[in-house]
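See structure below.
In listed order, ligands and their atoms are each counted from 1. Side chains included, hydrogens not; waters and symmetry mates left out as well; all remaining heavy atoms used.
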Amino acid sequence: MVESCDSDLAQRIASGDRRALAQAITLVESSRSDHRATALSLLEQLTSVRREALRIGLSGAPGVGKSTFIEAFGSMLIEAGLRVAVLAVDPSSSRSGGSILGDKTRMEQLSRNPNAFIRPSPSQTRLGGVARRTHEAAVLCEAAGFDAVLIETVGVGQSETLVAEMSDLFVLLIAPGGGDELQGIKRGIMEIADIILVNKADGNLKSAAVRTCADYAQALRLLRPRQQDPEGFPKAMAVSALNEEGLKEAWSEISALDGWRRRYGFRHRRRADQARKWFENEIHRGLVEQVTADRTVRNSMAELGALVAEGKLFPANAAAKLLRQISARLAQ
Ligand code: GDP
């Protein structure tokens, strides 16, 4: 019965049915073990669909204009004949349970478009859990025939790295800065960004945006050239999401970079590396889950944890002790 249900669901997804897609994403987001089993069977069935969208990671600080950009950029892609999905990885939802990227009305026009699909961030207790769900949601969007999947995150902490690990390329949105400093952007994020868009290049912010863009272009030139990039990338550009200026140019650069990477096998290689990493993550997570499902292990862990907290045991020694106990139990 379950089998026939999810093969029906798989077919509906493959035919591009957005309601079926939404239903499937709810399934992959669920923490119920029966839902998980159905979700895995669904993902397996859909591997034969073998469709690939361009997955674009998009990050930026709150207020930089991410939703304005996605609304305008997504609508432009749809006008050009593409189907666009928008997913979110929201680090705040893992802390507070309330999602700041969750509000669909942020992209009102896009959310009403039949060729768009918008899904807010799943709420989870851990960012890793959010990332895993979003990665699976991206796979489902591809199976449903979307041409572009935008994966949005707020520019804090490790969420960018997680998003980069499920995207083909990464776009960083920044606001025009006052001076020539690089706005405290961490080196790590500069290294994963393929295209930096300085937004709000309009009105009295325009000249600041152009200056900021030049600063970033210079900083990017100092980065070590990457093997997977053609000449001129990573690149900084000034855009105005509000006035819809520079968006066509941004798309043309994104397409050029992706085209080049596909031609030389870099997109494929990046996906292969990512797939291996997701596989390893699943193993690590599953092992921890399996081991801690054992009550004796859980109790030992709590006791040793208390001793560590009291300073009576060194953390690494306590861990080694627990791992020896686990090995002994496994050998039984
Ligand atoms: P998010 O928090 O990154 O999603 O940012 P929003 O898209 O909600 O935008 C935050 C504010 O910046 C809003 O008041 C937008 O109208 C404004 N904004 C966004 N893009 C632009 C732009 O290109 N130019 C100007 N001047 N304002 C913009």
Side-chain angles (χ1 to χ4, degrees), residues 56-79 84-96 98-113 116-123 127 130 134 148-160 162-164 167 170-178 182-186 189 192-193 195-216 235-254:
I56 305 173
L58 183 83
S59 170
V64 71
K66 290 181 297 303
S67 20
T68 313
F69 176 81
I70 292 173
E71 172 101 320
F73 190 73
S75 303
M76 180 190 80
L77 296 185
I78 289 171
E79 261 173 48
V84 178
V86 181
L87 305 173
V89 171
D90 182 355
S92 74
S93 73
S94 55
R95 263 178 258 134
S96 62
S99 174
I100 48 169
L101 298 176
D103 191 359
K104 264 198 194 181
T105 57
R106 290 192 322 139
M107 299 163 211
E108 223 174 300
Q109 199 190 327
L110 200 60
S111 63
R112 283 198 302 264
N113 195 307
F117 177 83
I118 300 181
R119 184 81 177 190
S121 183
S123 52
L127 188 54
V130 174
T134 310
V149 181
L150 303 178
I151 310 168
E152 174 194 13
T153 192
V154 176
V156 286
Q158 39 157 195
S159 65
E160 280 122 347
L162 290 171
V163 168
S167 319
F170 196 82
V171 175
L172 177 64
L173 226 59
I174 57 162
L182 296 184
Q183 300 179 35
I185 300 255
K186 292 153 279 157
I189 170 87
I192 57 172
I195 297 191
I196 291 181
L197 298 178
V198 185
N199 192 30
K200 310 196 183 183
D202 51 54
N204 52 14
L205 287 172
K206 187 157 187 169
S207 56
V210 170
R211 254 195 329 272
T212 306
C213 186
D215 291 340
Y216 275 91
K235 183 167 283 193
M237 307 171 73
V239 298
S240 166
L242 198 64
N243 294 351
E244 303 180 14
E245 283 164 11
L247 304 187
K248 279 205 170 64
E249 290 77 359
W251 174 239
S252 135
E253 295 296 347
I254 289 172

**Q.** Atoms in ligand 1 with a heavy atom of A61 nearer than 4.0 Å
**A.** 3 (O)
Q. Atom CD in E245, atom NZ in K206: separation rounded to 0.5 Å?
A. 5.5 Å
Q | Backbone or side-chain N or O of N243 under 3.5 Å from ligand 1 N or O | A | no
(Q) Are any of the N/O atoms on A201, whether in the backbone or the side chain, positioned under 3.5 angstrom from an N/O atom of ligand 1? (A) no
Q: Answer yes or no for N199: is there a heavy-atom contact with ligand 1 below 4.0 Å?
A: yes
**Q.** Counterpart residues, salt bridge (Lys or Arg N to Asp or Glu O under 4.0 Å), relative to E253 (two or more places apart)
**A.** K235
Q.
Can you name the atoms of ligand 1, numbered from 1 with element, that are less than 4.0 Å from a heavy atom of K66?
A. 1 (P), 2 (O), 3 (O), 4 (O), 5 (O), 7 (O)
(Q) List ligand 1 atoms under 4.0 Å from D202, heavy atoms only on the residue side. (A) 22 (C), 23 (O), 24 (N), 25 (C), 26 (N)
Q) Which ligand 1 atoms are under 4.0 Å away from a heavy-atom of P62? A) 2 (O)
(Q) For the CG atom of L77 and the CG atom of N113, what is their distance to the nearest 0.5 Å? (A) 11.0 Å
**Q.** Main-chain N/O of G177 paired with T212 side-chain donor or acceptor, under 3.5 Å
**A.** yes
Q: For residues S67 and E152, report the shortest heavy-atom separation together with the two atoms involved.
A: N-OE2, 4.5 Å
Q) Which is it for V64 and ligand 1 at heavy atoms under 4.0 Å: side chain, backbone, both or neither? A) both
Q. So, is F69 polar-close to ligand 1, with some N/O to N/O distance under 3.5 Å?
A. no
Q. So which of S67, A209, G203 gets nearest to atom 4 (O) of ligand 1, if we judge by its closest heavy atom?
A. S67
Q.
Minimum heavy-atom separation for S159 and T153, please, with both atom names.
A. OG-OG1, 3.0 Å
Q. Within less than 4.0 angstrom of ligand 1, does A241 place any heavy atom?
A. yes
**Q.** Heavy-atom nearest neighbour of atom 17 (C) of ligand 1 within options E245, K200, K206
**A.** K200
Q. Taking all atoms of both residues into account, what is the closest heavy-atom pair of F69 and L173, and its distance?
A. CB-CD2, 3.9 Å
**Q.** Closest non-hydrogen atom pair between N199 and G65, with its separation
**A.** ND2-CA, 3.7 Å
